[in-house]
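Convention: sequence-line order gives letters A, B, ...; per-chain numbering from 1. No experiment lies behind these values; they were computed from the predicted model shown.
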Protein chains: 2
Amino acid sequence: MPTDATLPSRARASDELLRTALEQFATVGFVGTSLQQIADHAGYSKSSVLYHYASKEALLEAAITPAIERLEVLVGEFAEGRRSDAARGVFIGSFVDLLLGERLAVHLFVNQGHSLGGIPIVERGNAAVRVLADAICSGATLVEQMRFGVALAGATYALVAGATFFGDEDPVNETLNAHTDEELREALVDVVSELLLPADGRQTR
Amino acid sequence: MPTDATLPSRARASDELLRTALEQFATVGFVGTSLQQIADHAGYSKSSVLYHYASKEALLEAAITPAIERLEVLVGEFAEGRRSDAARGVFIGSFVDLLLGERLAVHLFVNQGHSLGGIPIVERGNAAVRVLADAICSGATLVEQMRFGVALAGATYALVAGATFFGDEDPVNETLNAHTDEELREALVDVVSELLLPADGRQTR
DNA sequence: ACGATAATTGACCGATCGGTCAGATCCTGC
DNA sequence: GCAGGATCTGACCGATCGGTCAATTATCGT
């Protein structure tokens, strides 16, 4: 076994492959990505990919597990903690952080999570979403549910779609990409809070 | 040629196939759906599918063209019309109507539009989205852009995800599916207007 | 009743899919 | 320098993909 952790800078093969795979999965889809494509983009052979990861599914699992686990703890905290305004505020911030920190994985999971049933890690993610939706919906009016759904789904998809429609050299998203993550985070938190927190002079429920 | 329009109730084969295809495309993805699956679900042979539609791509085109064209006229009106509050209100209503009226096609286009480059009708849809984004972004602050993005993407994905995560027999979405389209429309319009229209006492920009 | 056309189908094609396997090559501790 | 595991690769496999084609059956105007 190669002595890990000795050369922190040298890129490990399995990491390159994982990065490439996540990139491809997010852009052209899991079923739309072949092991050959991943291998080509990363500069290896298809056999090498299957040496580092037992299967295409294992590659997907490794790619999105960190993001799913972050989502799980976030949802767990929100579900058990009481729905005080302060707690909501903390949740919103953490949620946006998750979106920004795991963009590709979130993109992949959000857009394809439903069609990837049977894959354990995806099921875990879907279960977490259901728990979140349940916590939101219980004892809320339809408009309240919509407010939550639009806010969270909107924040999620606004980022995802931003990265989706406006490719690297697109002229439109110069404005969007010109902003740092900090600016994006602040704007997102602002808008979501606007919907979900009892803003000055307006009742949230 | 069979005398069309004579028997308005009798389901035509090509229509059944189109319905089945759209359903499959939306649930398991375009690349994830095989012609064989479509044929099986519709009760025909793969050859019959290719008799009615020249190719898998032609099937996709026929499935989402109506929705894309509705989007195009909607975006066109919004882009040229001035951004008065009344015009915004009309746009929001029409937008939500489009979402509700073309759920499956919207689902398909939203979730897979980016990975289906090269297909003309999809490109047209993407172009329309870009025009809309451009109209929204021009001369707006980051927070304003976010408000628009979150509102439209949120409304879109809240519906799509609702249909996505909460399958037919899911216990969670009983609350959601228990509502009629009219109720859903009203709630959606309310929430989106809340974000995009200068509500009483709050300035939109 | 009959010919024409629409509709449907199974057999078949080349390409590509995910995955297996037996070597080649590299690296490292001794 | 050499043994042995880690790494990498090409050849190959069965399955399935989208699509073609010739042949069969259903439908209908006359």
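For the OP1/OP2 pair of D:dC8 and a distance below 4.0 Å, the side-chain nitrogens and oxygens of A:H52 include at least one atom meeting the criterion. OP1 and OP2 of D:dT7 both lie 4.0 Å or more from every side-chain N or O belonging to A:S48. Under 4.0 angstrom from either OP1 or OP2 of C:dT8 there lies no side-chain N or O belonging to B:S45.
Consecutive pairing runs in DNA chain D reach the stem threshold at C:1-30 with D:1-30, where a stem means at least three Watson-Crick or G-U wobble pairs with distances under 3.5 Å.
Within 4.0 Å (heavy atoms only), B:L50 reaches at least one base atom of the nucleic acid. Counting non-hydrogen atoms under 4.0 angstrom, A:T33 reaches the backbone sugars and phosphates but no base.
Distance OH (B:Y53) to C1' (C:dA7): 14 Å, rounded to an integer number of Å. Spacing between atom NZ of A:K56 and atom C1' of C:dC17 amounts to 8 Å, rounded to whole angstrom units. If you measure from atom OH of B:Y44 to atom P of D:dG19, you get 20 Å, rounded to the nearest angstrom. B:E57 has its CD atom 15 Å from the C1' atom of D:dC17, to the nearest Å. Across the protein-nucleic acid pair, B:Q36 atom CD and D:dG19 atom P stand 13 Å apart, rounded to whole Å. Atom C1' of nucleotide C:dA6 and atom CZ of B:R12 are separated by 12 Å, given to the nearest angstrom. The distance from atom OH of A:Y51 to atom P of C:dC26 is 15 Å, rounded to the nearest whole Å. When rounded to the nearest whole Å, the span between CG of B:L35 and C1' of C:dG10 equals 16 Å.
No donor-acceptor pair closer than 3.5 Å links the side chain of B:S115 to the backbone N or O of A:G29.
Residue B:S55 places its side chain closer to D:dG19 than to any other of D:dG19, C:dG19, C:dC17. The A:S47 side chain lies nearest to C:dT20 when the options are C:dT20, C:dT8, D:dC17.
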Worksheet item: Which is it for B:V110 and B:H107 under the side chain to side chain contact (heavy atoms under 4.5 Å, CB included) test, yes or no, and what are the steps along the way?
Response: CA-CA 5 Å; B:V110 164; B:H107 187 174; over 6 Å; no
Practice prompt. Take A:H114 and B:N111, measure what side chain to side chain contact (heavy atoms under 4.5 Å, CB included) needs, and give me the verdict at the end.
Written response: CA-CA 11 Å; A:H114 59 101; B:N111 276 337; 3.7 Å; yes
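Distance CZ/A:F109 to OG1/A:T156: 10.0 Å, rounded to 0.5 Å. To the nearest 0.5 Å, atom CG of residue B:L116 and atom CG of residue B:L108 are 7.0 Å apart. Taking OG of B:S94 as the reference point, atom CG of B:L71 lies at 11.5 Å (rounded to 0.5 Å).
For C:dG10, its base never sits under 3.5 Å from the side chain of B:K46 at any donor and acceptor pair.
Other residues, nucleotides and ligands contribute more than 12 heavy atoms inside 6.0 Å of the CD atom of B:E72.
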